[in-house]
Amino acid sequence: MHSRDLLWALSILMAINTSEPSRSRSHMTAVAGEPFYLEYCPSSAEREDPKGMIRWIKKKGALEQIELDPRNSSRIMFNGCALEFWPVELDDSGLYIFKMGNDTWNWNLMVISRNEHRCFTENRVTSKSVEVKKNLELRCGNHHYKKWVQRTSFYKDCREITENNKNPFNSQMNAEFQDMGYYTCVHSLHYNGKLFNVTNTFNVSVTGDRNNIIPVLYGSKFNEIEVELGKDKQLNCSALVNEDDNIYWSIWRENGIDPNVHEENEIKTKTTDGKWQASRVLSIENINENNLNFPYNCTVISGEGSETNVFILVRKGGIDDIPDHIFTRGMITASLILVAVVFVVIGCYIYRVDLTLFYRRFIGKDETLTDGKTYDAFVSYLKECRPENCEEHTFAVEILPSVLEKHFGYRLCIFERDVLPGGAVVDEIHSLIEKSRRIIIVLSERYMSNKVRYELESGLHEALVERKIKIILIEFTPVRDVMFLPQSLELLKSHRVLKWKAEKSLSYNSSFWKNLRYLMPAKTIKPGIDKSEVLPVLSRPDHQQR
Ligand SMILES: *[C@@H]1O[C@H](CO)[C@@H](O)[C@H](O)[C@H]1NC(C)=O
Ligand SMILES: *[C@@H]1O[C@H](CO)[C@@H](O)[C@H](O)[C@H]1NC(C)=O
Ligand SMILES: *[C@@H]1O[C@H](CO)[C@@H](O)[C@H](O)[C@H]1NC(C)=O
Ligand SMILES: *[C@@H]1O[C@H](CO)[C@@H](O)[C@H](O)[C@H]1NC(C)=O
Ligand SMILES: *[C@@H]1O[C@H](CO)[C@@H](O)[C@H](O)[C@H]1NC(C)=O
Ligand SMILES: *[C@@H]1O[C@H](CO)[C@@H](O)[C@H](O)[C@H]1NC(C)=O
């Protein structure tokens, strides 16, 4: 039994393929300065006493072949089926042949020098691979030297393993990734009064569970997501995972989680090829400044490790832009205000006459108090005609004063009423015009005498050029041919012409009178106005009687 144990230990240690037939050749590596042995025990051998039956032959080069004799060397010993070196030297490299009867066994031994800088020699390292979480156990395995072992020390990556640490040589342990490394056990032997060290080193690598996959997050490691403030955003993180793996979002900050950030539940589905796909959504509602430029990390974690994708929200279209919704609202508001302003302006224009009149009445405006003028308007009609058959005359001398003077309190100077026609009055006309705030000219198509026209024109021209007086034209009958008008009046025609529309214009509230009052100077109507007061200064008794 004991021999078989030894055989097994040796077989494993030396990586001998025992199923090979004899004559096969094993490659052995030994470190110079350490004890070493070769052993082969055929099943037929009487292991207890194979003396004389076993021969060890060493071949050096192609021809030289010597039979080893333990008597010739103090280092090399025959021990049962084993050939022992105390210790092995570089010189011992070569082919060794075991012979017992018809059985032979060959070894190709290579002795290498030890690494002086490390506790082990790289080429004499046994690789061992273990799955994570699985049992890791190492055996020093030198039963052969058991009886000489004085003490045994253990090293991980050449640091002695203390009693507090996990020691795979002493007890089983669950392998973790950080357990990877070089494990060395050193037996210190006492042999024939000398101390020897036997070193055994394992290169332990820890692998992932072969049934498990290493989880993979979809998408890129770093994601910059453009968002608009005030909007919602869902970040979807998904991964190919094992059944037990989890995805989670890192959303903690120093002052807790933002209240508008929620991690949804993880959703896991089995894919058609038997793998699992997990996804987890991070909902961010009503995005605010706090959410920007903060790394929202999505991590998948499993026994095989973890992986993280980083999501960062950035403001859409650069930092200083107004958010879209505010911009839109602003534009709408501005447009509405613009439209309202346009309507108001149009309304004011349309109702400018009424508004102006209302305004004058409301604040009691009176332009006539301080300008030192006597009349509010000088009235003239550009036609010579008799009172009996001339409508213009009636209009200028009766209708105009009856409304403007009696009803609205203006004071008129009426050319036909207050100034007798004739060459002598030209200067007087000039002075009267100068004393008036407006000139009202009643236009009609009928013939206008050259004389009146000429005189009036010269006076008007002066007034117009000096801009001391405003002119109001009243188109009493439609005027087709404007050529007869004085040139200076033509200039005004477009905007200060009021059209008299017989019946329509009679009422005080008609637009004709409103427009006329609008063009007239602002004047407060004095209460209790007397007929005599409104009569022109220059009125003559014969005119009044009419
Ligand atoms: C061992 O010694 C014997 C005689 O004592 C000699 O014949 C033989 O060659 C020696 N072998 C070696 C390997 O030195
Ligand atoms: C060795 O082989 C020979 C012939 O091949 C045979 O006669 C002999 O018995 C064998 N010896 C042993 C010990 O098996
Ligand atoms: C030890 O194992 C690791 C991983 O298996 C390998 O990369 C390394 O080369 C090995 N070291 C030696 C000395 O064999
Ligand atoms: C054997 O190893 C020990 C440490 O384990 C060391 O102190 C000692 O010097 C070594 N002896 C020899 C002969 O290499
Ligand atoms: C997230 O993405 C995964 C994979 O692309 C998809 O299966 C899942 O339905 C998505 N979840 C949501 C809420 O959009
Ligand atoms: C997110 O991941 C990045 C890079 O991996 C890291 O720098 C950052 O600290 C992480 N943030 C949080 C909140 O976990």
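Only a predicted model underlies this, so the values are computations on that prediction, with no experimental measurement involved. These values consider heavy atoms only, across backbone and side chains, with no hydrogens, waters or symmetry-generated copies. Numbering of ligands and ligand atoms starts at 1, following listing order.
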ask   = Should you measure from each heavy atom of S205, which atoms of ligand 3 turn up under 4.0 Å away?
value = 5 (O)

message = When you measure from atom 14 (O) of ligand 5 to the protein, is at least one non-hydrogen atom found at a distance under 4.0 Å?
response = yes

message = Parallel, tilted or perpendicular, judged at 30° and 60°: which one describes the rings of W105 and Y40?
response = parallel

inquiry  = How far is atom 4 (C) of ligand 5 from the closest protein heavy atom, and which atom is that?
reply    = S238 OG, 3.5 Å

note = Closest to atom 6 (C) of ligand 3 among protein heavy atoms sits N203 ND2, 4.0 Å

inquiry  = Quick test: of every protein heavy atom, which one is nearest to atom 1 (C) of ligand 6, and how far off is it to 0.1 Å?
reply    = N297 ND2, 1.4 Å

query = Under 4.0 Å from atom 11 (N) of ligand 3, do we find at least one protein heavy atom?
reply = yes

key: Pair K133 + E176: basic N to acidic O under 4.0 Å   = yes

N236-ligand 5 polar pair, N/O distance under 3.5 Å = yes

key: R315 bridged to E289 by N-O distance under 4.0 Å   = yes

inquiry  = Is the distance between the ring centroids of Y145 and W86 under 6.0 Å?
reply    = yes

message = Suppose we call two aromatic rings close when their centres sit under 6.0 Å apart. Are F169 and F154 close by that rule?
response = yes

query = Hey, is Q277 one of the residues with a heavy atom under 4.0 angstrom from ligand 5?
reply = yes

message = Within the 4.0 Å heavy-atom shell around V281, which atoms of ligand 5 are there?
response = 13 (C)

key: Sequence neighbours excluded - salt bridge (charged side-chain N to carboxylate O under 4.0 Å, His left out) pairs with any residue from residues 187-199   = none

ask   = Is any NZ, NE, NH1 or NH2 atom of the basic residue among R118 and E122 found under 4.0 Å from an Asp or Glu carboxylate oxygen of the other?
value = yes

request  = Answer with yes or no after comparing the ring centroid distance for F294 and Y296 against a 6.0 Å cut-off, counting only values under it.
outcome  = yes

ask   = Can you find an N/O atom of S127 closer than 3.5 Å to an N/O atom of ligand 3?
value = no

task = Could you check atom 5 (O) of ligand 6 against the protein and tell me its nearest heavy-atom contact, residue, atom and distance included?
result = V310 CG2, 4.0 Å

